[in-house]
Structure formats: structure tokens, C-alpha cells
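Single-structure report; data block below.
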There are 2 protein chains.
Amino acid sequence: MKIQELAERTGLSVHTIRYYEKEGLLDERHVRRDTNNYRHYFDEAIERLKLVKRFQSVGCSLTELKQILQGLDTNTTTTQQGIDWVLSKMKEIERKKEEYDQVLATLNKMLDYKIARQDDPGNKHR
Amino acid sequence: MKIQELAERTGLSVHTIRYYEKEGLLDERHVRRDTNNYRHYFDEAIERLKLVKRFQSVGCSLTELKQILQGLDTNTTTTQQGIDWVLSKMKEIERKKEEYDQVLATLNKMLDYKIARQDDPGNKHR
DNA sequence: GCTTGCATTAGAGTCAACTCTATAGTTTAC
DNA sequence: GTAAACTATAGAGTTGACTCTAATGCAAGC
């Protein structure tokens, strides 16, 4: 498939896809060139980009992603390094979820306050 | 207290605190000027900055935070708008937590795979 | 009174992650 | 066969959130 189709299938823009390639997040398993120099994408590219999107949306930088994905792809990362990365990432995510819970608690308090004020017909400034 | 102390107490840099003020996240309830033009901070500033930090760490932009906080402060936001914001933010956070769970599942799969490979003495490329 | 350290400002610089522009070649539909 | 739509590149511009610099002034300890 060509870049436009991949863009539609992944929800990324063609610009972003080219940018990701430049940043080293795609390799010859995902994309090659046709004779006209157009990029030809394999289905693997869809999976890869969706993976990138998911991890990126939980706070992985492209640089970090690139390192870990290249490590997995080329086996330059040892298995132990891979395990360590996964474990530390999992801890990070658990921490993050706790932060979200804290914010949710704060929002809940705000909501109670707001609703109380709404029901109070004499609600005033301060 | 002066800016340095506030920085220590909030874990932000003095640069960042001044930047936040410039961006409208602090007002006269949090900071005023001494005769020598030094900023003098009240305890409210600590709470405010911690709130900003927490919300910001779960993906609120400073612009969004500024709007909602100013709305709360000056009562230009109606109660209903406040409730709506809180509710939509809560939904957003729930969605985000689901994303985190998905990533955790992916990481778990990766971990299983890695551990299997580690135990396999004949582990090879691909 | 002098040094060291903290305070002020305006504005420049940085970084990540896009996002867009200009220019030019290719493909497709009619 | 030509216009519209898609592809390519290099490189410039944008945005958000800092982060730092330079020049200068105030303060506290000795």
C-alpha cells in the first residue's frame, strides 16, 4: 500500500509517517521503495505504527521507542535488558495510574463542591 | 516566602515559577510584591503550584489549566460549565487509564516472550 | 564596605514532535 | 493528453513548556 492508505489506516498523517521513518521507527520490514521511488508499505507497518502510537500516548518518547524497538528488531538488546525495560516501564505505568487516581479524587471533590453550589439558590461569589 | 523557598517547597525551578506567573497561573492571592520589588508568596501559592503540577502531569496543558483555574477564581465560569469540565476531564482520565491497561497487557506479553527466550538455551536471532 | 548570593527583567535558546512549504516528478480519470 | 491527485525531497516554521543569559539591583554575613 502507498503512504496515503497507510495514513488512513493508522490515523496518522503522511507527514508524520515520513517523519517517523526518518526517526528510525520503520525499517525494511515495514517499507521499501517501488521503482518510481514511491514508498511501498507492508502490513507490518500498520501494526508497528499502531504500537508506536499506543506507547507514545502513554508517555514514551520517540527516541526511547526507537531504541527499544531497534533493540528488539536487531537483537542488539539482550533478553535481560529487554526484561528490565519492560519491568521498569510497567512500574512507571502503575505510578502514572496512581497519579490519575489522585487527580480523579481531586476532581470528585471539585464536583461535589460545584453540585452543592448549584443546588444552593443563593450561591454567590466566593 | 521568597521565590527560592517556594521553588524548594514545590520542586519547581524559580524560572518555572516566574514562567507560570507570566502565563497567568498565579494571581494576587498567591503572590504580591515587596517594596524592593521582590515577589512575596503566600502559602496559597504552594497549594496552587502543586495542583498545577498534578493536573499538568496527567496531560492538562497550561492553557487549559489557566482557563479553568481563572474560571474558578473569578467566577466567570458558571457552575454548570465547571461541572461539565470536571466530568469531561474524568472521562478523559478513565480513557487514559484504559490505554495504560492496554499497554500493560502488551508489556506483559513481551515479558512472557522474553522470559521464554531467556530460559531457552538455544535462543537465536528471530 | 565588600563579597556572595538571591532578586529583578527582557529576551534568546532549546527540545520534542510535529506541520507545512516549495519544487518537482508520477499516476489516474476523463 | 491534460488536469487533478498523489508522491518525493529538503528544509523552514510552529507549538508548548520550559531553560538559560546578561545586565543590574538588593541583602546578609563577616
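Predicted model only: the values in this text are computed from it and were never measured. Chain letters run A, B, ... following the sequence lines, proteins first and then strands; every chain starts at 1. Every heavy atom of this structure was used, including side-chain atoms; hydrogens, water molecules and symmetry mates were not.
Across all strands, Ser13(B) comes closer than 4.0 Å to no nucleic acid atom at all (heavy-atom distances). Within 4.0 Å of Glu23(A), counting heavy atoms only, lies no atom of the nucleic acid at all.
Atoms CZ and OH, on Arg95(B) and Tyr100(A) in that order, are 11.0 Å from each other to the nearest 0.5 Å. Atom OH in Tyr20(A) sits 5.0 Å away from atom CG in Leu62(A) (nearest 0.5 Å).
Considering only side-chain atoms of Tyr19(A), the nucleotide from dT19(C), dA17(D), dA7(C) that sits closest is dT19(C). Checked against dT7(D), dC18(D), dT19(C), the side chain of His15(A) finds its nearest nucleotide in dT19(C). You'll find that the side chain of Tyr38(A) is closest to dT26(C), out of dT9(D), dT26(C), dT19(D). When distances are taken from the side chain of Leu62(B) to each of dT21(C), dT8(C), dA17(D), the shortest belongs to dA17(D). Of all nucleotides listed (dT8(C), dC18(D), dA8(D)), dA8(D) comes nearest to the side chain of Asn37(A). Proximity note for Tyr20(B) (side chain, C-beta onward) versus dC18(D), dC18(C), dT26(C): the nearest is dC18(D). Looking at the side chain of Thr16(A), the nearest of the listed nucleotides dT19(D), dC6(D), dC18(C) is dC18(C).
When the P atom of dC18(D) is taken as reference, atom CG of Leu25(B) falls 10 Å away, rounded to whole Å. Note: CD (Glu21(A)) to P (dC18(C)) measures 15 Å, nearest angstrom. In this structure, Met1(A) atom CE and dT7(D) atom C1' are separated by 16 Å, rounded to whole Å. Atom NZ of Lys53(B) is separated from atom P of dA17(D) by 16 Å (rounded to the nearest Å). With rounding to whole Å, His40(B) atom NE2 is found 13 Å from dT8(C) atom P. The separation between Glu64(B) atom CD and dT15(D) atom P is 18 Å, rounded to whole Å. In this structure, CD of Gln56(A) is placed 7 Å from P of dA17(C), rounded to the nearest angstrom. To the nearest angstrom, P of dA27(D) lies 8 Å from NZ of Lys2(B).
Using a 4.0 Å cut-off, no side-chain N or O of Arg18(A) falls inside it from OP1 or OP2 of dT9(D). At least one side-chain nitrogen or oxygen of Arg33(B) sits closer than 4.0 Å to the OP1 or OP2 atom of dT9(C).
Following chains of ILVMFWY side-chain contacts shorter than 4.5 Å, one cannot reach Tyr38(A) starting from Leu6(A), and the two form parts of different hydrophobic clusters.
A salt bridge does not link Asp34(A) with Lys2(A): every distance from a Lys NZ or Arg NE/NH1/NH2 to an Asp or Glu carboxylate oxygen is 4.0 Å or more.
Both Thr35(A) and Ile3(B) sit near DNA chain C, but only Ile3(B) has its closest nucleotide nearer the 5' end. Take the nearest nucleotide of DNA chain D for Arg39(A) and for Cys60(B): the residue whose nucleotide is more 5' is Arg39(A).
With hydrogens and angles ignored, the 3.5 Å screen pairs a side-chain donor or acceptor of Lys96(B) with a backbone N or O of Ser57(A).
Of all non-hydrogen atoms in Val31(A) and Phe42(A), the two that sit nearest each other are N-CD1, 4.0 Å.
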